[in-house]
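Scroll down for the structure; my scribbles are underneath it.
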Amino acid sequence: MKTLEKRTDIILESSIDTIDKLQKICQLLYDEIDYYNWVGFYFKNGDKDELKLGPYVGAATDHIIIPFGKGICGQVAVSNETFMVQDVNEQDNYLSCSIDTKSEIVVPIFKNGNNIGQIDIDSHKINPFTLDDRTFLENLCEKLGLLL
Ligand code: SME
């Protein structure tokens, strides 16, 4: 995770557009961590109480817009807390993107204390996420909050 953190730092500090940084981060995490099988960003859609899909890598999803409160992502938009779901079958309030997805972690991004979006990672494995994933992703989202 340390090496990966260095590589995300290099992307964040590069002079490319923000949207390209987000896309490159998705690609890097998708390529480097075998149990990250969909990596993407959702952001608050203007003044609306909904999330809109941003850059992502993985299978196309039907969930371009997610109302606040709906699914794992929509819950994080209102709870302001990381949501680590080790088995999506145990969640009632879950929006399925792919039948292959078994688990998911969503980490909010704060800008000036406001929850502006999140990184969402789906895995094809049950129970894959550790505290290291959580810490790595929370650190990343903290840096993204300063950048966005
Ligand atoms: N599973 C998410 C929806 C987004 S997809 O995973 C890309 C949810 O329950 O909010």
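Values reported hereafter were calculated over all heavy atoms of this structure, with side chains retained and with hydrogens, waters and symmetry mates removed. For reference, positions follow the sequence shown, starting with 1. Every value quoted in this text rests on a predicted model; they were computed, and no experiment measured them. Order of appearance sets the numbers: ligands from 1, and atoms from 1 within every ligand.
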Practice task
Measure from atom 10 (O) of ligand 1 to every heavy atom in Cys73, Ala60, Ser96 and give the option owning the shortest one.
Solution key: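 Looking at heavy atoms only, Cys73 sits closest to atom 10 (O) of ligand 1.
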Looking only at heavy atoms, which two atoms of [X] and [Y] are closest? And how far apart?
{"X": "Phe83", "Y": "Val76", "result": "CB-CG2, 3.5 Å"}
{"X": "Lys125", "Y": "Ser103", "result": "O-OG, 2.6 Å"}
{"X": "Pro55", "Y": "Leu22", "result": "CG-CB, 3.7 Å"}

Exercise for the section: Using a 4.0 Å heavy-atom cut-off, say whether Val106 meets ligand 1 through its side chain, its backbone, both or neither. Expected result: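 Looking at Val106 and ligand 1, no heavy atom falls under 4.0 Å.
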Handout entry: Under-4.0 Å heavy-atom contact with ligand 1, by part of Cys97 that carries it
Key =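 Answer for Cys97: side chain.
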Problem - Identified salt bridge (charged side-chain N to carboxylate O under 4.0 Å, His left out) counterpart of Lys143 within the set Glu138, Glu13, Glu5 - result: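 Result: among Glu138, Glu13, Glu5, Glu5 is the only option passing the salt bridge (charged side-chain N to carboxylate O under 4.0 Å, His left out) with Lys143.
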Exercise for the section: May I ask you to check if ligand 1 and Ile72 share an N or O to N or O distance below 3.5 Å? Expected result: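 Yes, there is a polar N/O contact under 3.5 Å.
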Handout entry: Nitrogen or oxygen atoms of Glu104 and ligand 1 under 3.5 Å apart
Key =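 Looking only at distances, the answer is yes, because the N/O contact criterion of under 3.5 Å is met.
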Practice task
Write out the residue and atom name of the closest protein heavy atom to atom 6 (O) of ligand 1, then the distance separating them to 0.1 Å.
Solution key: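 So the nearest neighbour among protein heavy atoms is Asp122 OD2, 2.8 Å.
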Handout entry: Shortest protein contact, atom 3 (C) of ligand 1 (heavy atom only)
Key =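 Minimum-distance protein heavy atom for atom 3 (C) of ligand 1 reads Leu95 O, 3.5 Å.
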Practice task
Please lay out, stage by stage, how Asp133 and Thr130 fare under the test side chain to side chain donor-acceptor pair (under 3.5 Å).
Solution key: CA-CA 5 Å; Asp133 292 284; Thr130 65; 3.1 Å; yes
Can you name the atoms of ligand 1, numbered from 1 with element, that are less than 4.0 Å from a heavy atom of [X]?
{"X": "Tyr94", "value": "1 (N), 9 (O)"}
{"X": "Tyr42", "value": "4 (C), 7 (C)"}
{"X": "Asp120", "value": "4 (C), 5 (S), 6 (O), 7 (C)"}

Exercise for the section: Return the orientation label for the Trp38 and Tyr56 ring planes: parallel under 30°, perpendicular over 60°, tilted otherwise. Expected result: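 It falls in the parallel class, under 30°.
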Exercise for the section: For atom NZ of Lys21, decide whether the heavy atoms of other residues, nucleotides or ligands shown that lie under 6.0 angstrom number more than 12. Expected result: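 Correct, the count exceeds 12.
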